[in-house]
2 protein chains.
Amino acid sequence: MTAPTFRNWQSVQEEVRRRIHAREWPPGELIPNEADLAMEFGCARATVNRALRSLADSGLLDRRRKAGTRVAAQPVAKATLDISVIRKEVEERGCKYGYQLIERSEAIPPLEVSGSMRTPAAGTLLHVRALHLADDAAYALEDRWINTTVVPKALSEGFDQISANEWLMANAPYTGGEIGFSAVQATPEEADMLRVSERSALFAIDRLTWDHTASVTKVRLIYAPGYQLRTVL
Amino acid sequence: MTAPTFRNWQSVQEEVRRRIHAREWPPGELIPNEADLAMEFGCARATVNRALRSLADSGLLDRRRKAGTRVAAQPVAKATLDISVIRKEVEERGCKYGYQLIERSEAIPPLEVSGSMRTPAAGTLLHVRALHLADDAAYALEDRWINTTVVPKALSEGFDQISANEWLMANAPYTGGEIGFSAVQATPEEADMLRVSERSALFAIDRLTWDHTASVTKVRLIYAPGYQLRTVL
DNA sequence: AATGTTTTTATGTCTGCACATAATAATCTG
DNA sequence: CAGATTATTATGTGCAGACATAAAAACATT
């Protein structure tokens with residue numbers, strides 16, 4: 001009996017998935033090496049490599065040179081969140097997007113901000129606060145600090161028509177960043193602007209981006225109650 | 001003058017990144033095709049392909065057959081969250097992990113649960129509630145429903161020593177799932193168990209996983225105040 | 001026994017070539 | 001001119017073979 005041949009990397013991947021799933025290759029176990037699998041599957045080693053590498057990327061396999069490939073003992077679920085501009089997020093929900101600038105000023109930020117942005121404590125940054133609307137209802141509150149040393153062009157932008165969220169996406173490239181999700185109680189001011197009762201539980205996204213070594217912008221987005229960030233596994 | 005040669009796909013990727021970043025290839029613009037780039041970089045087309053494919057995966061490029069490759073107009077930031085078992089999460093913070101089972105019963109779930117799990121409305125599911133501790137302080141509350149038709153082995157597991165969170169990870173494979181993050185107000189019971197004041201803002205993770213077409217488990221994790229889910233961009 | 005060195009080996013990646021596939025562009029046809 | 005058909009083209013993927021590299025294992029040395 002000849003083994004069925006797997007001609008493309010997707011089918012190889014599928015077969016490997018099946019074996020892991022069926023516990024033919026239990027968690028933590030070393031699987032055959034690429035050359036052997038290539039032989040068994042009747043394809044080139046490169047094809048097996050492509051399939052296994054992709055599975056390793058998704059966290060199902062652990063690979064190390066010489067040590068070989070083993071089934072991840074605890075498959076870390078990797079949830080990928082697509083963070084796009086808020087306008088798109090709203091429009092994808094089938095709502096009409098609206099935008100209101102609340103404040104635009106050059107100011108000396110709180111120490112906590114200059115600290116995490118690594119800007120001089122006494123230096124001014126551009127401070128932009130705005131409200132994003134979905135079908136005329138408050139959707140999210142944006143509180144942003146922009147490093148004008150890195151993005152001087154931001155100084156000549158009013159942010160009254162286009163949100164800083166969107167403008168920066170197109171005008172301020174970044175090389176890295178960090179993002180945090182948390183739950184916060186609405187401050188009186190936030191409650192007022194989002195038109196919710198004080199101390200409501202709100203979803204917050206804090207993001208800090210930088211370009212090489214200089215920070216570009218730090219932003220906190222506070223979403224109206226009921227917001228849920230979703231993704232698939 | 002000969003162009004510098006880029007011998008590996010990482011350096012090709014870096015160069016492409018640089019050009020995008022430097023606006024040599026502005027957002028939305030079509031970039032040269034693989035064959036031309038390979039020629040320019042002095043490497044094989046497969047190498048260029050590897051570099052570009054990887055950049056497309058990370059959302060910086062849009063590629064379509066025949067249409068060519070263009071710089072993403074709005075680079076969607078993809079944040080990858082690693083969802084592991086809570087024990088590891090706690091231990092990685094350098095805390096001592098603790099676990100307390102609150103309830104384990106077979107019960108008919110609320111309609112909302114049987115509905116999303118697509119189980120018979122009148123059928124029983126295994127209901128497990130537990131508290132996860134970090135350095136003896138409440139860390140997260142787990143409220144879980146398990147489809148015993150799919151995971152019958154769960155019926156012979158007490159979940160008094162090992163959390164359902166961890167046990168399922170190792171014993172119940174799944175093919176897909178969805179996950180949602182939100183902010184909720186603590187119910188009186190939740191507030192009591194997490195030892196926080198009533199109506200505190202808490203971070204909630206709702207997860208539903210399934211195996212092919214049958215749902216495996218549905219869980220809500222409520223984290224103690226101050227929790228922040230973080231990742232890099 | 002502890003330490004340093006060499007060998008072995010599985011994965012990582014490059015090359016050059018071929019063909020597949022999808023989508024656009026060009027052409028033909030009623 | 002609209003609609004259907006065909007050609008073209010850029011990406012997608014396959015193959016075989018080669019060398020690079022990291023790390024474990026075996027061996028040698030002090």
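The figures that follow rest on heavy atoms only: side chains count, while hydrogens, waters and symmetry mates do not. Lettering follows sequence order; numbering is per chain, from 1.
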For nucleotides 14-17 of chain C, which of its nitrogen or oxygen atoms have a protein nitrogen or oxygen under 3.5 Å away, and what is each distance?
{"from": "C:dC14", "atom 1": "OP1", "to": "B:Trp9", "atom 2": "N", "distance (Å)": "2.3"}
{"from": "C:dT15", "atom 1": "OP2", "to": "B:Ala44", "atom 2": "N", "distance (Å)": "2.8"}
{"from": "C:dT15", "atom 1": "OP2", "to": "B:Thr47", "atom 2": "OG1", "distance (Å)": "2.5"}

Check nucleotides 26-28 of chain D against the protein and report each pair of N or O atoms closer than 3.5 Å, with its distance, or say if there are none.
none

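C:dA10 atom C1' lies 15 Å from atom CZ of A:Arg53, rounded to whole Å. C:dT24 atom P lies 16 Å from atom CG of B:Asn33, rounded to whole Å. In this structure, A:Met39 places its CE atom 12 Å from P of C:dA10, rounding to the nearest Å. Atom CZ in B:Arg65 sits about 8 Å away from atom P in C:dT21, given to the nearest Å. Rounded to whole angstrom, the span from the CG atom of A:Leu37 across to the C1' atom of C:dT11 amounts to 12 Å. Residue B:Lys66 contributes atom NZ, which lies 8 Å from atom P of C:dA26 at whole-angstrom precision. Between the CG atom of A:Leu52 and the P atom of C:dT13 there is a distance of 13 Å, rounded to whole Å. If you take CG of B:Asp62 and P of D:dT11, they are 13 Å apart, rounded to a whole angstrom.
Here A:Glu15 pairs with A:Arg19 in a salt bridge; the nearest charged N to carboxylate O distance falls below 4.0 Å. Between B:Arg87 and B:Glu91, at least one side-chain N (NZ, or NE/NH1/NH2) sits under 4.0 Å from a carboxylate O, which counts as a salt bridge. Ion pairing between B:Arg63 and B:Glu34 holds under the 4.0 Å rule for side-chain N and carboxylate O. A salt bridge between A:Lys96 and A:Asp135 is absent, with no side-chain N of the basic residue lying under 4.0 Å from a carboxylate O of the acidic one.
Remark: the A:His21 side chain and the B:Asp211 side chain contain an N/O donor-acceptor pair separated by less than 3.5 Å. Using a 3.5 Å distance cut-off with no hydrogens or angles, the side chains of A:Tyr139 and A:Glu89 do pair a donor with an acceptor. A donor-acceptor pair shorter than 3.5 Å can be found between the side chains of A:Ser116 and A:Lys218. Under the 3.5 Å distance criterion, with hydrogens and angles disregarded, no donor-acceptor pair is assigned to the side chains of B:Asp57 and B:Ser54.
In terms of phosphate contacts, A:Thr69 brings a side-chain nitrogen or oxygen within less than 4.0 Å of OP1 or OP2 of C:dT11. Here A:Asn49 reaches the OP1 or OP2 of C:dG12: one of its side-chain N or O atoms lies under 4.0 Å away. For D:dG12, the OP1/OP2 oxygens have a side-chain nitrogen or oxygen of B:Arg63 closer than 4.0 Å.
Taking the six-membered ring wherever Trp is involved, the centroid distance between the rings of A:Trp210 and A:Tyr174 does not fall below 6.0 Å.
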